[in-house]
Amino acid sequence: MSNRKTLQKLIRKELQEVKFLVVSNREPYVHSRKDDEIVVSRPAGGLALALDPVMQASNGVWIAQGTGDADRETVDEHDHVAVPPENPSYTLRRVWIDEQLQREFYNGMANEGLWPLCHISFVRPTFRPRDWESYRRANQVFADAILEEAGEEAAFVFIQDYHFALLPRMLKQRNPKLIVAQFWHIPWPNAEAFRAFPWKEEILDGLLGNDLLGFQLRYHCTNFLETVDRNIESIVNTEQSNVMRGGHETLVRPFPISIDFDAHVRTAFSSEVQADMEEWRKRLSLDTSGIEFLGIGIDRIDYTKGIPDRLQGFDYFLEQHPEYRGRVQFVQIGVPSRMEIQQYQAVSEEVEKMVDAMNQKWASGSWKPVIFLRQYFTPRQLIALHRLANFCVVTSLHDGMNLVAKEYVASRFDEDGVLILSRFTGAARELGDALLVNPFAIGEIAEAIAQAVSMKQEERRKRMRRMRRDVEENNIYDWAANILSQLLRFEISSAQAEEEEEAQ
Ligand code: F6P
C-alpha cells in the first residue's frame, strides 16, 4: 500500500534527474474575478481532484488549459503559476485555446464524438470533420507547450484522457527521448462499436506513440488491443498486453484510479465537516421533518450517469413500498457540466421535470420525496452529506471508474451507510460489497433501495468495513506509484536493450 510519503520517496529516488510533466485539458485551479477580488476554485470532476495530491508529491509541472477569467493575469511571462495557492508545491503551466477551437475540439470532438463513442451510451456520437481538424490543432498547441517545458532534458510526460489521443505521436516525433505515458480515464469501447469512428487509423497511431497506455480495467485494455488488431498495421501481443508498431513498443495496462483515502478521512473527521453537517441538517430540516432515511446521489449532470433512471427507481420504490412514504428523502446533487452541448441541457431539463412530477405525485404535508440541487458544492460539503446519508446511489449507465462511490465509502469512518452501485462502473469490480444493480432495470434499483433502508446494522458494518479496506489499500498513491514503476521499468529495460544491441 502506498501513501503520499512513499510516493514522494519513489519520485525523489527515481525521478531526480528527470522532469515530470502532467498534461490534462482541465486545470486543477481556476482563477476568476468576483467583484474586485480574484478567487481560486477547483473544478468539478474526478480527474483534477485525483491528480492534485500526486502532483503535490512530485514537484513537477502540470500543463492544462487556462479557462478562468482571471487566469491570464495570475500567470508570469512563461504562463506559470505556483499552486496550490495556500501551499505552493508545483507549477501550473496554462495553455490558451481560443473560443472556436474550444467549441470544436472540446465540445465537438472530445465530448460529442469520443465521449458517447467510448461510453457506448444511447446518445449518438457526432463526428464533424471540422471538429477533428480542431482536435488535431488543439493537440498541436499542447504539444508545443510540452516541448517547451521539457527543454533538452530527459522528461516523463504523463497525459490524461481522451482529449489528447494525437499528442503522444506528436511528442515522440519531435523528441524521441521523451518517455510518454497516457491514462484514458473513460472506457474503451469494443471493436464493433469503434467501427463507427471515421479517423480510426490516425487516432490509433496517435495513441501508439505512447510508451505506456493505461486504462481503468483489464477489459478496456482487451477492447483496445482488439481494436488495434482490426484497424491498423501492427503486431498485437495479447498475452503480454503490448503492441509493436514501426519498431516502437506500447505497453497497455490496467490501473484502476482511486482517491486520497487518508486525506479524505482526515477531512471527514474534521470539525469543519461537523459544522457543514449541521448546515445540511438545517437546510434539509432533518431534525424536524420526521425523515428517517436520507438517500443521496452526487453527479455531474451527464447523460451517462443515469440520473433519470435512478429517479424512476426511487419512484418505483415509493410505489412498491408505501410504508416508506414520508420516511425517506432523496437528495440529488447535480453539478452543471458541458452545458453548451444540447444533450447535457436536455438531461438537465429532464431531471428537473421528473423531480417536479415526483414531488407533485408523492408530497404530503411538509414531506417532499426528492430535492434536486443543481449547483456546485465544495468537497467538504459533500463529505458532510455523505456522513448524513443512509444510502448513496450511483447508477451510471457506463462509467470508467466513478470516484463518488469511493468517496462515499471513505467518508464513512463510522462503518455505516449502504452503497448502491451500477454494475457498469469500473468501481463495481472492486466494491463487491455494494448492492450492485443494473441501472437500466428500474425494479432492481427500487429493490436495492428497499434493501438499503431495511438492512441490519451488523450487515451494513460488515460490508462497509470491507469496502473501506479496499479503497484504503488501492488508493490514488498506489495508482500513481504503479504507473511510475511501470514507466521506470520500461526506461531501464529499453536502456538495457540498447546496451545489448551495442555490445553485439
Ligand atoms: O471522467 C472523464 C472526465 O474527463 C474526468 O476525467 C473529468 O474529471 C470529468 O470527465 C469532467 O470533465 P470535464 O473536464 O469535461 O468537465
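Both ligands and their constituent atoms are indexed starting at 1 by order of listing.
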Ignoring hydrogens, what is the shortest heavy-atom contact between Ile301 and Tyr344? Give both atom names and the distance. O-CD2, 3.2 Å
Nearest heavy atoms of Phe424 and Asn438, plus distance in Å: CE1-OD1, 3.5 Å
At a 4.0 Å threshold, what atoms of ligand 1 neighbour a non-hydrogen atom of Arg300? 9 (C), 10 (O), 11 (C)
Applying a heavy-atom cut-off of 4.0 Å, say which part of [X] lies close to ligand 1: side chain, backbone, both or neither.
X: Ile186; answer: side chain
X: Trp115; answer: side chain
X: Arg338; answer: side chain

So, using ring-ring contact (aromatic ring centres under 6.0 Å, His included) as the criterion, who are the partners of His220 when residues are at least two apart? none
Are Phe197 and Phe127 near enough that their ring centres are under 6.0 Å apart? yes
Looking only at non-hydrogen atoms, the one of Arg26, His119, Met401, His185 nearest atom 16 (O) of ligand 1 is Arg26
Under 3.5 Å, is there a donor-acceptor pair between the Asp71 and Tyr29 side chains? no
Quick one: does Ser337 get an N or O within less than 3.5 Å of an N or O on ligand 1? no
